[in-house]
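When a ligand or atom number is given, it counts from 1 through the structure's own listing order.
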Amino acid sequence: MELEKPLLDENKRRIDGRAVDELRPIKIEAGVLNRADGSAYLEWGENKVLAAVYGPREAHPRHRQDPTRALVQCRYNMAAFSVSDRKRPGPDRRSVEISKVISEAFSFVVFREQFPRTSVDIFIEVLQAEAGTRCAGLTAASVALADAGIPMRDLVVSCATGKADGELILDPGKEEDNRGQADMPLAVVPRTEDIVLLQMDGHLTQEELKKAMRMSIDACKEIYVIQKDALRKRYAVTTEEPVEVQETIDTQIKEE
Ligand code: ADP
């Protein structure tokens, strides 16, 4: 029988060459869909995720409306072609759970009292999955919410820490998730360090748990910079634009 390759080599390098505290590469683009009020596309390692946001809009069915605040509803969905074996389309226990924890995370930051009886709807479509899709989906949805202009305390960011070959590892990849001893996704409001999502699969000691939380929070602060850059790029106004507008107005006045 062939022995499985260890997840960490003698220099504590991971199978994809990363250091134990290194993130997979992340790219985010805001405002990629014309029909949604806000949207974002995110690539995180081999994960590819699209997030669309609608609202605040009248909540349906009406009996679900809250007369004091907005509902924050999320639907996380994995495309049938997102994993190596075709995933059966439609909701399952896992996607219902992920949708629930993500909507709860955003309920904490959205100023819900400003929009009674309405709903803010978040759609997360996982196009390609390679472990860490709830973190990727939440991080993309956060940018989509900001792109939609939904008033929020701050952006939310998510990143997992796991354990492999007895060591804590930031942002576990697929192989590490399958063969590791723990996987702990966390989402945080970076400025205040309020934790709005914390889940754990596997075993960690109390000391490891504290260290893993610190690793995830620090990584979230790095990702926060990428989120803000994506939003800045989307809303950056080039200096030429207002000049062009002014020139058009001047020409119109002259012609009149
Ligand atoms: P997360 O994607 O947030 O890490 P899980 O820990 O439940 O959530 O899943 C880990 C990974 O397992 C996913 O990112 C995906 O690559 C894979 N996976 C999840 N569900 C399925 C499925 N139905 N079929 C094949 N692979 C799946």
Subject >> Closest protein heavy atom to atom 6 (O) of ligand 1, given as residue, atom name and distance to 0.1 Å >> reply: D177 OD2, 3.5 Å
Original post:
Are the charged groups of D92 and R94 less than 4.0 angstrom apart, N to O?
Top reply: no
Original post:
Taking ILVMFWY side chains as joined if any heavy atoms are under 4.5 angstrom apart, and letting links pass through other members, which residues group with L8?
Top reply: V20, I169
Original post:
Do the charged groups of R24 and E43 touch, with an N to O distance under 4.0 Å?
Top reply: no
Original post:
What do you reckon, does G132 have a nitrogen or oxygen under 3.5 Å from a nitrogen or oxygen of ligand 1?
Top reply: yes
Subject >> Test: D218 and R214 ion pair at under 4.0 Å >> reply: yes
**OP:** With atom 13 (C) of ligand 1 as the reference point, say which of G137, S95, A131 has the nearest heavy atom.
**Re:** A131
Original post:
Short list, please: which atoms of ligand 1 are under 4.0 Å from a heavy atom of K87?
Top reply: 23 (N)
Subject >> Salt bridge flag under 4.0 Å for residues D194 and R153 >> reply: no
**OP:** Let me see the working for N77 and E125 under side-chain hydrogen bond (donor to acceptor under 3.5 Å, both in side chains), right down to the final yes or no.
**Re:** CA-CA 5 Å; N77 181 54; E125 295 291 328; 2.9 Å; yes
Original post:
Which ligand 1 atoms are under 4.0 Å away from a heavy-atom of K174?
Top reply: 12 (O), 16 (O), 17 (C)
Original post:
Is the closest basic N to carboxylate O distance between K100 and E104 below 4.0 Å?
Top reply: yes
Original post:
Do any N/O atoms on C135 end up under 3.5 angstrom from N/O atoms on ligand 1?
Top reply: no
Subject >> V83 contact mode with ligand 1 (heavy-atom cut-off under 4.0 Å) >> reply: side chain
Original post:
Any N or O of N47 that comes nearer than 3.5 Å to an N or O of ligand 1?
Top reply: no
Original post:
Can an N or O of T133 be found at a distance shorter than 3.5 Å from an N or O of ligand 1?
Top reply: yes
Original post:
Judging by distance only, is a nitrogen or oxygen of D85 under 3.5 angstrom from one on ligand 1?
Top reply: no
Original post:
Thinking salt bridges, do R14 and E167 make one under a 4.0 Å N-O criterion?
Top reply: no
Subject >> Minimum-distance protein heavy atom relative to atom 9 (O) of ligand 1 >> reply: R94 NH2, 3.5 Å
